[in-house]
Structure formats: structure tokens, C-alpha cells
Amino acid sequence: MKRINLLTLAGYRERGEHFACLTAYDASFARCMADAGVEVILVGDSLGMVLQGHSSTIPVTVQDMAYHVRAVKRGTRETELRPMIMADMPFMSFATLEDTLSNAGVLMRAGAQVVKIEGGRELAERVARLHENGVPCCVHLGLTPQSVNCFGGFRVQGRGAEQAAQMLEDVRILTEAGAAIVLLECVPEPLATRIQQEVSVPTIGIGAGPNLDGQVLVMHDILGLGVGRSPRFVKNFLAGEESITGAFRAFGDAVRKGTYPAAEHWFAE
């Protein structure tokens, strides 16, 4: 039995090895991912769209997240590989410091090992207090879906010198505050690579190029179950495979070998 944790991810980074991360929301799929060797499971607030049928992640509640974290935890309780479980803190669940600590506690007690929050330097105090209270935090920068109404849609972030400089400074401030992981979504590859080089913690990308330590995708997308126009970074890994577990294994193998993401899956500028 092998347990994946932050020290495991740090070891991958030190050795220049990549790791795979997929979203899961229930016990059955979580067990399949563990059997396929996926190192990190993200219980994502993407469940608002792929499970609940909403047009964004905004309606998802902390209670929704805790329910699905518990299910995923049960699904990996007896597998040979015990993936690290990371849980999204949903919209407005970290609006204040008090909310942040209380809601992170709910998710950690449900079975999460890391909580993920979206935003920049304004989160520094909350990240620091989480760290002080024994809650590892992944900071999600770039295209942050909970802020889609502020962005005016799903748009690449970090384009241009001013935006790039701001994101670099955000990452510096948040990692100094104690962030354990940096996740970059829809960030131009040159900027993502620079961030990867400048931080000391594990990094995860989605539509951010091939040079980050890990890659994450939504489970439904790699199974060809996405609704509407697929984002640039999506690839159907079920095609050519005989089972869903095979698709999960194919995704992990492609990430570790560096064949995913390919050039067509990221943004050059």
C-alpha cells in the first residue's frame, strides 16, 4: 500500500517526474482512479456542472463538497494506491478568515488532505492561517471559474507584461504565506514555465503547458462526456481503450511520459 501526500509530490518535483490529477466525485470512480495509478484526486466544484447540471460552479455549497469528499475517501480506503485527496473550497466559502477556517475544517474532517482556493495575493492571510492550523492549501490562479462573471467569460489569464508580472508577484506572496501547491489554469506556457522555475512547491497545470509538475483534467472530459465546445486542453483518453480504468491509466501514463499535454493543448501567449 502506497499513500500519496505532499512529501510524495515534493519528491516527484525534486526528481523531475510528473504526476497525474483527475477530478472524481464518488467512490466507484475514485477506486478506478486509484487502481489506474492516478496520484491525486481533486474533488472539484466542477461537480456543479458535470453532476448537478449548472452552467457554472457558483451554486455549489460546502455541504455538497463534503458529501462528495466523503464518498471519494470511502472509495480509496482499501486500494493499493491511496491517492492524495484535494477538495475545492466553493464560491464564497472563504470570503472571510472565519469562513475559511471553519469551512476548511469541514472538508478536512470529511477526508480531504489539501483544500484548494481560487485567487491571488488577497488570500495571503487566509493561506497563512490555514497553514498555521495544519491545513495544506493549493492556490488556484489564472482562469479561476468562480470569478467567471468578473472575467466576462472563460478567458486566458496572464497575457501581457502587466498581467504576467502581477501573477508572478501573486504566486510569490502566496507561497511565502505557506501555500503548499500552485495550480495554474489557462495561463500562457511561457509564464507558467517561469512560475514553475521560480517556486519551490509542486505545481499543477490545466491548459498551462507541459513543464509543470502535474496535470489535471476533469474526469468527464477525458471520457468524452463534456457538454458543448471542449476547451483547448481537453483530450479524450477513452478513445482506443477498453475500459474507463484504462482511460485513467492512459492519462496518467501520458502525463508521466510527457506526451500530454501536447502543443495543441496549451496557449503560447
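- The main-chain N or O of L97 is never found under 3.5 Å from a side-chain atom of R129 such that the two would form a donor-acceptor pair.
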**OP:** Test side chain to side chain contact (heavy atoms under 4.5 Å, CB included) on L223 and I244 and set out the steps.
**Re:** CA-CA 7 Å; L223 299 179; I244 288 174; 4.2 Å; yes
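- Of the residues M65, M89, M49, the one that meets the side chain to side chain contact (heavy atoms under 4.5 Å, CB included) test with V60 is M65.
- With V218 as the fixed residue, the side chain to side chain contact (heavy atoms under 4.5 Å, CB included) test singles out one of L47, V50, L42: V50.
- Ring-plane geometry between H265 and Y260 is classed as tilted, the angle between the planes lying from 30 to 60 degrees on a 0 to 90 degree scale.
- H220 and Y25 have tilted rings, their planes meeting at an angle from 30° to 60° on a 0 to 90° scale.
- If you take CE on M167 and CZ on R121, they are separated by 11.0 Å, rounding to the nearest 0.5 Å.
- More than 12 heavy atoms of other residues, nucleotides or ligands lie within 6.0 Å of CD in E198, so this atom counts as buried by the packing criterion.
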Subject >> Candidate pair L141 and I195, rule side chain to side chain contact (heavy atoms under 4.5 Å, CB included), full reasoning >> reply: CA-CA 11 Å; L141 298 98; I195 290 172; over 6 Å; no
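- Checking T193 against E189 by side-chain atom types alone, a donor-acceptor pair falls below 3.5 Å.
- Around atom OH of Y67, no more than 12 heavy atoms belonging to other residues, nucleotides or ligands sit under 6.0 Å away.
- Considering only residues two or more places apart in sequence or on other chains, T61 meets the side chain to side chain donor-acceptor pair (under 3.5 Å) condition with D64.
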Please set out all donor-acceptor pairs under 3.5 angstrom arising from side-chain atoms of residues 29-38, sequence neighbours excluded.
none

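- A donor-acceptor pair shorter than 3.5 Å can be found between the side chains of H140 and E185.
- If you check the side chains of D99 and S102, you find no donor sitting under 3.5 Å from an acceptor.
- Between P190 and A268, the shortest heavy-atom contact is CD-O, 3.1 Å.
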